[in-house]
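Encoded as structure tokens, the structure appears first; notes follow it.
The first residue in the sequence is number 1, and the count goes up from there.
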Amino acid sequence: MEMAAALAEGSVCARELTERALDRIAAAQPELNAFRSVRAQAALAEADAADRRLAAGERLPLLGAPLAVKDDMDVAGEPTAFGCAGDFPAKTADSEAVRRLRAAGAVIVGKTQTPELGQWPFTEGEAFGATRNPWNTAYTPGGSSGGSAAAVAAGLVPAALGSDGAGSVRIPAAWTHLIGVKPQRGRISTWPDPESFHGLTVNGVLARTVADAALLLDAASGPHPEDLHRPARIPAVEAARRTPRRLRIALSFAMPFTATPKSLDPEVRSAVERLAGRLESLGHEVVPEDPRYGPIGLTFVPRATSGVRDWASRVPDPGLLDPRTHEAVRTGRILGGLPLRAARRAEAALRRRVGEIFGRFDVVLTPTTATPPLRIGALSDLGAMATDRAMIAACPYAWTWNVLGWPGVNIPAGFTEDGLPMGAQLLGPADSEPTLLALAAQVESAEGWAARWAGGAGGR
């Protein structure tokens, strides 16, 4: 990222950058509400330490860069409330992902908002109010990494960590005009959990450029010794600088079966079709073809609700949880035995079934969401079943790749007539981040996404 280079060459100091970030956060917080907690004094102390290291000649990829992390990741000295109300104790140690960011020199300015236990594609809740989209504050930035997305899209920080259990990095990236990388399961550690939400949830990155996303991905990646999933390291920064070979890309608008009504918004479809044309103009072959999703939805619910049940057991006052969370916990108890074990066993067969398409194609291109951003409060007064139906209708495309554990990258797809961002997914098989990042960077160069952002002169 530009600020990392400026820090390394000495044209700016970490203290100055961190003070600017904290000033921007303070100014934006009343309207955007992107942060659950801000570490002003601690961040300034970290920035001063970074300046001393820079002055001594030390160089690290993120040394002195102010970044943010989602509030489902442990930061020593801060509570991890994960969108919940209540008095949570301060953590005594960093999560592995945060530890690795610090090892790369990052200054952690704060923890970003997320809906209760990361369940929904909006970032609202009794515990903290509503987080708003910097492109239009009447709309949600999405979820569950909505605070991270709002913070990056508004220019409060250059990049942030989020997590993705059913699209929770890619959905808010789509709705805020960002790059959102959901990496291979295990690429970024979820420790102190050996895996998260029974393998559905991975940690990922949000940034305004592919280069920044790749830099953060490289810095945060790597296993804890007790992680369940330990993929081999990939060179993200190097991949983002490489022009991809000519690729065969499957263009798919098909939605996996969920037994609930859903349809694709015409503006979203048109935006993805335009991107497909751009890919063809860059020399790639784009062919309409759908993955064979089959019964993948049957395996998602036991894993997701069992994960909610697990997390809810850590909350200091369960009585403060949303009624919809209590319903998910009840479902998780019912499905947490044999159905959960069957869902995990089915993953290998589903990978073979869906992965068949990668015998003929390199990448699958789909919408990231079926609709543009939702209005603030659109789902806030619904019951559990109505919320699930509305959520699936808006976001039916992303969650399948969480079941499979494979990488996916949201790229900006343009704007609605009302100026709301939309996104498209580049999806690949296991360990395909280098291909996806190279392709995303190529499209970014042609499209010029970074020139238009909500926090800068190029915004609306």
Side-chain donor-acceptor pair present, Lys70, Ser144, cut-off under 3.5 Å: yes
Residues two or more places apart in sequence or in another chain: which of them pass side chain to side chain contact (heavy atoms under 4.5 Å, CB included) with Ala173? Leu178, Leu206, Asn410
Hits for ring pair (Phe, Tyr, Trp, His ring centres under 6.0 Å) against Phe122, two or more places apart or cross-chain, chain-then-number order -> Trp120
Qualifying side-chain hydrogen bond (donor to acceptor under 3.5 Å, both in side chains) pairs, either residue in residues 263-279, two or more places apart: Arg269-Glu273, Arg274-Glu447, Arg278-Glu447
Pair Arg102 + Glu46, salt bridge at N-O below 4.0 Å: yes
Compute whether any side-chain donor of one residue and acceptor of the other, for Thr369 and Trp175, lie under 3.5 angstrom apart. yes
Residue pair Leu117, Cys84: steps toward the side-chain contact (heavy atoms from CB on, under 4.5 Å) verdict: CA-CA 7 Å; Leu117 304 183; Cys84 299; 3.5 Å; yes
Residues forming a ring pair (Phe, Tyr, Trp, His ring centres under 6.0 Å) with Phe300, sequence neighbours excluded: Trp399
Regarding Ser148 and Thr112, is there a side-chain donor-to-acceptor distance under 3.5 Å anywhere? yes
Without hydrogens or angle criteria, can the side chains of Gln113 and Asp71 be said to hold a donor-acceptor pair below 3.5 Å? no
With sequence neighbours left out, which residue pairs that include part of residues 229-240 fulfil the side-chain hydrogen bond (donor to acceptor under 3.5 Å, both in side chains) condition? Glu195-His229
Trp449 and Val210: side-chain contact (heavy atoms from CB on, under 4.5 Å), yes or no, with the steps? CA-CA 10 Å; Trp449 300 318; Val210 178; 4.3 Å; yes
Can you tell me how far OG1 of Thr140 sits from CD1 of Ile376, rounded to the nearest 0.5 angstrom? 5.0 Å
Give a yes or no on whether the backbone of Phe253 and the side-chain of Tyr397 come within a donor-acceptor separation of less than 3.5 Å. yes
Just by distance, no angles: are the side chains of Thr131 and Glu124 close enough, under 3.5 Å, to form a donor-acceptor pair? no
Could you measure the distance from the CG atom of Leu437 to the CD atom of Gln442? Nearest 0.5 Å is fine. 13.0 Å
Apply side-chain contact (heavy atoms from CB on, under 4.5 Å) to residues Leu215 and Leu62 and explain how you reach the verdict. CA-CA 8 Å; Leu215 181 61; Leu62 298 173; 3.8 Å; yes
The side chain to side chain contact (heavy atoms under 4.5 Å, CB included) partners of Val12 (sequence neighbours excluded) come to Ala6, Leu7, Glu16, Leu17, Arg20
Once ring pair (Phe, Tyr, Trp, His ring centres under 6.0 Å) is applied, do any residues pair with His224, and if so which ones, sequence neighbours excluded? Trp191
Test: Glu347 and Arg303 ion pair at under 4.0 Å: yes
One thing to verify: whether Arg314 and Asp193 come together as a salt bridge, which I'm taking to mean a side-chain N less than 4.0 angstrom from a carboxylate O. yes
Going by heavy atoms in the side chains, are Thr299 and Val403 under 4.5 Å from each other? yes
If I take atom CD1 from residue Ile108 and atom OG1 from residue Thr18, how far apart are they, to the nearest 0.5 angstrom? 10.5 Å
Check Arg15 with Asp51, please: is the shortest side-chain N to carboxylate O separation under 4.0 Å? no
Identify every side-chain donor-acceptor pair in residues 73-81 under 3.5 Å, counting partners at least two apart or on other chains, and give the distances.
unit_1: Asp74; atom_1: OD1; unit_2: Thr80; atom_2: OG1; d: 2.7
unit_1: Thr80; atom_1: OG1; unit_2: Lys111; atom_2: NZ; d: 3.0

With sequence neighbours excluded, what pairs up with Phe82 under the ring pair (Phe, Tyr, Trp, His ring centres under 6.0 Å) test? Trp311
Would you mind listing every ring pair (Phe, Tyr, Trp, His ring centres under 6.0 Å) that reaches into residues 1-28, with sequence neighbours excluded? none
Are the side chains of Pro412 and Arg452 in contact, using a 4.5 Å heavy-atom criterion? no
Check whether any side-chain N or O of Glu285 sits under 3.5 Å from a backbone N or O of Arg246 as a donor-acceptor pair, and report yes or no. no
Would you please name every residue forming a side chain to side chain donor-acceptor pair (under 3.5 Å) with Arg187, sequence neighbours left out? Asp431, Glu433
Do Thr366 and Gln425 have side-chain atoms, one donor and one acceptor, less than 3.5 Å apart? yes
Donor + acceptor pair across side chains of Arg170, Asn402 (<3.5 Å): yes
In Å and rounded to the nearest 0.5 Å, what is the CD to CG distance from Glu280 to Leu251? 9.0 Å
Answer with yes or no whether the side chains of Ser163 and Asn203 bring together a donor and an acceptor at under 3.5 Å. no
All side chain to side chain donor-acceptor pair (under 3.5 Å) counterparts of Asp23, not counting sequence neighbours: none
Once rounded to the nearest 0.5 Å, what's the spacing between atom NZ of Lys182 and atom CD1 of Ile188? 10.5 Å
Quick one: CG on Asp362 to CG on Leu439, what's the gap to the nearest 0.5 Å? 9.5 Å
